Trainee: 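Please find one structure pasted underneath; my questions will follow.
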Amino acid sequence: MLVLVGNLYVDNPTQESDMSIIAAGIDPVTYFCGLLGKNISEVCALAKTALDGAEDGEIYFERTETEILSIDDARIESPDRSVSQGFGLRRVSGQSVFYAHDDVITADAILHVGAELRAIDKHSRLYVPQAKRTAIPSFYGDTLATPHLVDCVKLLQEIDAYARTHEVVTNVSVTLLGALSYILIVRADDTHEYDIRPMTRLYITIQCTDGSSRESTNEIVSGRDEYNRVSRENIWKPEVDLLLKKTKDKLRAKPCPSGQMPVILAPGWAAIFLHEAFGHGLEADFVWRKTTVFADLLGKRVASNVVNVVDDGTIPRARGSLNIDDEGTPTERTVLIQDGILVGYMHDRQSARLLGAHATGNARRESYRHHPQVRMRSTLLLGGESTPEEIIAATQYGIYMASFEGGQVDTVTGQFVFNSDLAYMVVDGKIQDPVIGATLIGNCATALLHVDMVGNDFAISGAGSCGKGGQTVPVGVGQPTLRLSGGITVGGTEVSQTEGAHSDN
Amino acid sequence: MEQKFHKQKELTVIIDNLLDSAEALMRYAQAAGASDASVAITQSQEKSVTVRDGEIDNLTISGALSCSLRVFVDERGGKYETTSLHDDDLRLAANRAVDSATVSAENKHARLAHPHEWYREGDSEVSKIELDQLDPGRHPSVGDLMDLAFSLDEVACAYPGVSRSEGSTYSFAHEICARLTSHGFVGVVGSTTYSKSATVIAESLGLMKSETAYHMACYLEDLRSDVEVARRAGEYAVGQLGAGTIKGGIMPVLFDKRVSRELLGGFFDSIDGELVYLKSTFLLNHLGGRLFRPEVRIIEQPHLRRQIDSRLYDRECVKATPWTLVDGGIPQMWATNIEFSSRLGIPASSGHASGSSNLLLCPTPNSRDSMIRGIRSGFLVTELMGGGLNIETGAYSIGAEGYLIEGGEITRAVNKVTIAGNMLEMMRSMHVADDCSDCPLGINAPSILIDRMTVG
């Protein structure tokens with residue numbers, strides 16, 4: 001089993017033969033240079049040759065070790081374990097990106113694909129350099145010993161057994177994932193960066209019955225940290241209790257009514273709404289391609305003056321955090337919306353060049369097999385002044401959305417639709433019956449203008465996986481309790497009883 | 001024993017390296033405590049260029065090296081995947097796979113294939129077989145593929161009625177796979193795949209229709225011509241332009257050979273041994289009994305030469321056999337791998353751990369033209385989308401487009417059609433025609449007429 005010591009994984013140190021290469025205390029620079037049989041200056045020279053005539057680009061080396069262990073229907077499934085390593089060569093010229101990748105890491109392989117990409121690039125440009133960095137801080141977890149495979153099996157069985165002490169539970173499924181990535185990014189301007197990235201993830205699904213039907217709900221706990229973080233009882237037990245409550249509520253939930261009404265969003269995971277409806281629209285590649293409704297709104301009001309939104313890569317141990325992005329730019333806390341005004345976008349080097357901005361460290365790729373795109377990190381709506389109790393008490397009739405299953409956004413028109421898997425009606429300032437089948441419909445350009453109350457109970461949820469252009473990256477979302485006083489439509493399956501309430505979809 | 005293949009110096013070196021790594025990994029697995037092990041290492045390259053409007057739209061150049069290790073520690077199984085063949089990583093893989101086995105549940109049904117289940121060179125039936133899937137010609141560069149793609153794009157745009165192209169692609173892939181087991185199996189296979197595709201848009205009076213046509217082959221010279229691919233895409237797009245809607249009802253439905261293979265694929269999926277074991281296929285009780293009309297015959301031809309889908313053995317090293325899956329309308333067998341043949345009490349795996357191989361629903365003497373002439377009011381399906389077969393219940397419901405058949409003739413194009421039925425009823429009544437598809441991907445069927453389906 002992987003044991004994290006000093007930011008490196010060591011496998012049961014007494015068994016020499018089982019030691020991971022990474023565990024020998026080698027950093028990514030030494031490791032990949034060793035594979036190539038060259039020192040780092042020679043590898044920089046290799047990058048210069050491979051990227052001759054390109055405006056930008058890099059060689060991205062990666063080694064990732066992954067372990068996945070699961071229990072389902074009380075049976076431990078055979079563990080999924082793998083090592084994936086290789087390089088990607090990216091050549092950027094104006095608006096074009098040419099990409100090649102290979103699992104075989106040799107100088108010949110790099111030069112060969114470099115020549116192939118050179119041959120089809122019609123242009124020859126000057127390479128845009130980046131400044132050499134001083135020390136980059138680390139936002140990943142600390143180093144602690146982690147358990148062996150046998151202990152991970154015990155953990156899954158423990159969670160399974162605890163959940164099943166409740167009679168209503170019909171099935172439990174738990175997956176524990178641990179991954180460690182070694183990254184080296186070599187540019188053609190004699191600069192290079194490296195990173196060592198841990199990730200752990202605990203995924204729990206509980207299925208319950210009320211005697212006649214079944215429902216299930218899932219929760220994820222994840223972070224750039226070692227196993228201990230997700231495997232302690234004081235972390236997973238409350239998650240299981242929460243899942244039980246939500247699943248029981250789903251079983252007794254009624255169909256949701258439709259209409260225009262105030263919507264209160266729960267803290268934490270409900271911020272997936274923010275990520276999908278607004279985050280993607282503020283990714284600068286959509287801005288220079290003019291495929292987002294936010295393309296011409298810099299400096300304009302896009303939200304009410306109590307709304308502040310940032311995209312942050314620097315939160316310690318968070319799933320969405322990075323020390324450097326996948327082009328080698330250090331991440332930062334990027335302010336997107338300040339007091340309701342759009343003040344910035346998220347950039348990679350290409351969008352920064354094309355739009356005259358600075359790179360914000362948002363270039364991310366799923367693996368060395370993919371080219372980087374502008375992606376989010378931890379996208380957060382910052383806390384405000386009200387208490388969550390005040391927000392609920394101030395609502396005569398509305399809906400409280402606890403979480404979302406998913407949604408779709410058309411960034412070009414700004415239209416979005418979100419599906420909530422569990423919500424509660426709010427009547428006379430109190431939370432009442434659970435409802436299911438609620439959808440939220442509105443437009444990105446106007447929805448946030450109607451935020452009138454922002455809670456002081458900010459929470460971050462490190463559970464997201466975001467898809468764009470066929471690539472998935474881990475992200476985080478966060479927000480406090482907040483209220484949208486209007487400007488949004490709730491779609492539901494209930495036949496409307498209330499006068500004046502009607503479905504607008 | 002070794003699969004015969006075309007040797008070039010570089011190829012020999014690649015193969016020797018793969019075998020060396022595989023043998024080393026096998027030794028390490030056994031040293032780590034595995035009682036049995038199997039190793040598969042695949043080295044592949046792929047290049048693909050898509051062009052549109054005189055520019056490169058998309059480009060892929062990639063190489064992959066994937067190594068899968070499967071170990072047994074008595075009756076417990078473990079596995080490990082790696083893309084690194086460095087010695088330290090092979091040792092790591094061996095140790096971790098064995099480690100994984102120790103926490104897995106016992107499974108007495110999963111095991112390696114025994115020697116008598118392998119493809120054997122000494123076996124007189126197959127000793128002369130050469131699958132011939134590796135084109136010895138020079139590998140194209142990305143520049144070559146780009147030129148070919150631009151030519152295809154020109155031809156595609158020139159088809160009468162086509163207003164523009166949505167992308168023309170040329171690709172090349174090359175793969176060598178070495179497979180070893182601790183029972184002594186040694187197998188090496190190599191293949192090349194060339195492919196081309198054209199997506200065109202036909203436009204007229206504010207109406208638009210897009211269609212993609214493609215072809216793939218092991219040998220470059222076996223690829224359909226650009227003119228032919230452009231014709232298939234353009235002709236279909238133009239033909240479906242301005243498609244109307246259909247008045248619903250119960251009527252005969254003729255699945256054109258463009259799409260009839262999906263029904264054949266559904267049949268094969270439904271005889272899967274794992275589903276039979278779990279009792280979750282609608283064909284559970286139909287082995288050995290009349291299912292189709294007597295003239296229906298479904299076979300596999302794994303040893304066809306220069307075909308992408310051909311194979312000598314599956315991923316468990318069990319030999320591929322030219323089975324007759326359905327004869328005289330009666331299903332003869334389930335499609336199994338080692339574990340599920342054992343669980344079902346069947347003496348041997350049928351060698352289907354990697355799926356089907358050159359599956360064919362045999363054409364019959366029933367003329368497709370006379371089938372059409374015999375239809376007063378019906379629907380000819382030329383495209384299927386969204387939906388499909390529920391294998392547990394046999395319910396079949398899917399989106400479709402095609403043409404009306406009125407008074408024995410194909411009349412006008414229709415789309416946004418849904419067709420529904422029960423696959424068991426469909427199988428009982430299906431009439432197989434005399435034409436046949438020629439999809440290079442290894443599942444082929446003639447046009448199929450179903451007497452009654454619900455169309456809307």
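Residue numbers start from 1 in every chain, and the chains themselves are labelled A, B, ... in the order their sequence lines are given, proteins ahead of strands. A quick note: this is a predicted structure, and the numbers were derived from the prediction, not measured.
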Trainee: Kindly check if the number of other-residue, nucleotide or ligand heavy atoms within 6.0 Å of OH (A:Y194) is above 12?
Mentor: no
Trainee: Heavy-atom pairs under 4.5 Å with chain B - which of A:R75, A:E116, A:E77 has more of them than the others?
Mentor: A:E116
Trainee: Going by residue number, which parts of residues 64-83 of chain B are within reach of chain A, meaning a heavy-atom gap below 4.5 Å?
Mentor: B:A64, B:L65, B:G77, B:G78, B:K79, B:Y80, B:E81, B:T82, B:T83
Trainee: Looking at A:R81 and B:R96, what are the two nearest heavy atoms and their distance?
Mentor: NH1-O, 2.8 Å
Trainee: Would you indicate whether the side-chain heavy atoms of A:V83 and B:H86 approach each other to under 4.5 Å?
Mentor: no
Trainee: Can you tell which part of A:Y368 gets under 4.5 Å to a heavy atom of chain B, answering side chain, backbone, both or neither?
Mentor: side chain
Trainee: Give a yes or no on whether B:E175 atom CD has more than 12 heavy-atom contacts from other residues, nucleotides or ligands under 6.0 Å away.
Mentor: yes
Trainee: Decide side chain to side chain contact (heavy atoms under 4.5 Å, CB included) for B:D89 and A:R63; before the verdict, give the C-alpha distance in whole Å, the side-chain angles of both, and the deciding distance to 0.1 Å.
Mentor: CA-CA 11 Å; B:D89 277 327; A:R63 175 187 172 92; 2.6 Å; yes
Trainee: For the atom pair CG (A:D103) and OG1 (B:T42), what is the distance rounded to the nearest 0.5 Å?
Mentor: 11.0 Å
Trainee: Closest approach of B:V103 and A:P79, non-hydrogen atoms and distance?
Mentor: CG2-CG, 3.7 Å
Trainee: With respect to chain A, which residue among B:S104, B:S62, B:A32 yields the maximal number of heavy-atom pairs within a distance under 4.5 Å?
Mentor: B:S62
Trainee: Is a side-chain N or O of A:Q85 found less than 3.5 angstrom from the main chain of B:S84, in a donor-acceptor match?
Mentor: no
Trainee: Distance check, rounded to the nearest 0.5 Å: B:I61 atom CD1 versus A:L89 atom CG?
Mentor: 9.0 Å
Trainee: State the OG1-CZ distance between B:T60 and A:F98, to the nearest 0.5 angstrom.
Mentor: 12.5 Å
Trainee: Could you list the residues that satisfy ring pair (Phe, Tyr, Trp, His ring centres under 6.0 Å) with A:F61, not counting sequence neighbours?
Mentor: A:F32
